[in-house]
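Each chain gets a letter, A, B and so on, in the order the sequences are listed, and its residues count up from 1.
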There are 2 protein chains.
Amino acid sequence: MNREEILAAAQRQLNHDPRSSLADIATAAGIGRATLHRHFASRETLLEEIGTRSQDRWEQRLDDVDVEVVAASGDAAAIEAALRDLLAAFVEDADDFGFSLTDSFIAGEPEHVERTERLFAREVALYAAAQEAGVLRGDVSARWLGHAAYGLLVAAREAIRAGDVPRRDVAELVITTYLRGGQSR
Amino acid sequence: MNREEILAAAQRQLNHDPRSSLADIATAAGIGRATLHRHFASRETLLEEIGTRSQDRWEQRLDDVDVEVVAASGDAAAIEAALRDLLAAFVEDADDFGFSLTDSFIAGEPEHVERTERLFAREVALYAAAQEAGVLRGDVSARWLGHAAYGLLVAAREAIRAGDVPRRDVAELVITTYLRGGQSR
DNA sequence: CTCATCTGAGACAGCGATGTCTCAAACCGT
DNA sequence: ACGGTTTGAGACATCGCTGTCTCAGATGAG
């Protein structure tokens with residue numbers, strides 16, 4: 001049982017129930033409580049690491065779509081494609097990483113808050129470029145568009161949890177709802 | 001210090017930090033811990049009451065717009081107006097009641113889960129009627145439209161918290177984003 | 001003023017979670 | 001098979017929170 005595997009299992013368990021005790025987490029990971037403590041000195045350490053892991057993934061997704069390059073290009077088609085890819089990737093992640101979305105368990109750690117803000121800013125830069133290129137509307141702030149995307153990810157997670165939407169459809173739903181909204185036309 | 005006032009203060013405090021202890025809550029309400037216990041026998045009782053309170057408000061909002069009547073009318077204009085009113089009302093509530101949105105502190109109480117489902121169903125019925133009337137698009141499920149609305153409320157809450165959006169603009173932002181999405185046109 | 005009631009501070013035991021430790025068993029490469 | 005390492009089970013002290021209780025002071029109606 002790798003350190004990385006433990007982290008993944010812990011994340012899964014905390015995603016399932018954010019109030020899980022370390023004993024719960026250890027059981028879920030199939031290891032003993034002592035072993036868990038050997039890898040992560042304290043609960044706080046474990047949570048911090050999970051937070052970092054989530055941010056790593058977020059950063060990776062931004063890197064994957066070359067967000068800065070695409071944004072600088074000003075190419076509407078490329079920007080829209082990047083937007084769609086990014087949202088689809090986030091939806092995929094929302095499953096495993098979702099609880100760090102809704103749970104503010106690292107609130108207060110200035111380090112994490114700062115990094116979150118930097119990542120959000122990178123993402124928002126893409127939305128701003130999309131506005132510039134006429135892909136996204138310009139009458140609302142780019143940061144609001146960022147929050148709206150986040151909100152739809154929460155919705156996606158919830159819809160899956162409630163069994164209202166087949167998993168394979170969620171990405172497309174999020175994208176089309178994000179772009180076109182709910183209005184008929 | 002009324003029971004209702006205590007409840008409101010507790011909700012505010014838990015909204016601020018969902019992990020507040022009863023001592024925190026009592027302090028925030030400006031009362032002693034003993035007094036808090038006199039009104040609410042246990043933490044669980046308090047949380048249940050807050051959950052019920054939130055659901056009461058939700059129900060009230062649905063009643064306020066006459067959701068069943070409007071839905072049955074099939075009148076597109078009336079339906080869209082009700083939709084807007086409802087979203088605006090929810091945004092207003094999201095401030096005080098938001099934490100019961102994201103925090104699953106009553107998860108497991110079948111009673112609450114059931115009532116939440118009933119309320120959600122009432123709301124979704126309006127979305128379905130809106131689809132019927134051509135106000136909302138029919139190519140996604142009404143329940144997804146419900147989750148999407150919820151997601152945008154989470155986004156609104158987050159945007160306010162981050163100071164990215166003036167409070168008075170949030171309702172209109174949610175509505176326009178919900179209906180039109182983020183796409184330029 | 002007086003008495004009944006309500007309140008806050010504090011003490012207290014109980015509980016679950018955390019973090020440390022030990023030890024025997026399981027597991028590894030050699 | 002062997003010796004070093006890792007592991008899980010469990011014991012243990014500690015901590016913070018909860019829920020109960022007491023008591024002295026504040027409050028308020030008469």
Nucleotide-resolved protein contact map, nucleotides 18-26 of chain C, B/S/- at heavy-atom distance under 4.0 Å: BBBB-----

Hey, are D64(B) and R57(B) close enough for a salt bridge, meaning a charged N less than 4.0 Å from a carboxylate O? no

So which heavy atom on E109(A) is nearest to which on E44(A), and how close? OE2-OE2, 3.3 Å

Atom pair distance, as rounded to whole Å: CD1 in I6(B) and C1' in dC6(C): 12 Å

Integer-rounded Å distance: dG8(C) C1' and L36(B) CG: 12 Å

Would you compute the distance between atom CZ of R61(A) and atom CD of E92(A) and round it to the nearest 0.5 angstrom? 5.5 Å

CG of N2(A) versus P of dT6(D): gap in Å, rounded? 14 Å

Intra- and interstrand pairs of DNA chain C - dot-bracket, Watson-Crick/G-U under 3.5 Å, | marks other strand: ||||||||||||||||||||||||||||||

From T27(B) OG1 over to L36(B) CG, what is the distance, rounded to the nearest 0.5 angstrom? 9.5 Å

Below 4.0 angstrom, N of the basic side chain to O of the carboxylate: do R180(A) and E172(A) qualify? no

Which atom names give the shortest non-hydrogen contact between A125(A) and A71(A), and what distance separates them? O-CB, 4.3 Å

E5(B) atom CD is separated from dC6(C) atom P, nearest whole Å, by 17 Å

Rounded to the Å, how far apart are I31(B) CD1 and dG25(D) P? 22 Å

R3(B) CZ to dC6(C) C1', in whole Å, measures 16 Å

Can we say E49(A) and R53(A) salt-bridge, meaning some charged N sits less than 4.0 Å from an Asp/Glu carboxylate O? no

For the residue pair A133(B) and I79(B), what are the closest heavy atoms and their distance? CB-CD1, 3.8 Å

Spacing between L47(A) atom CG and dA17(C) atom C1', to the nearest angstrom: 13 Å

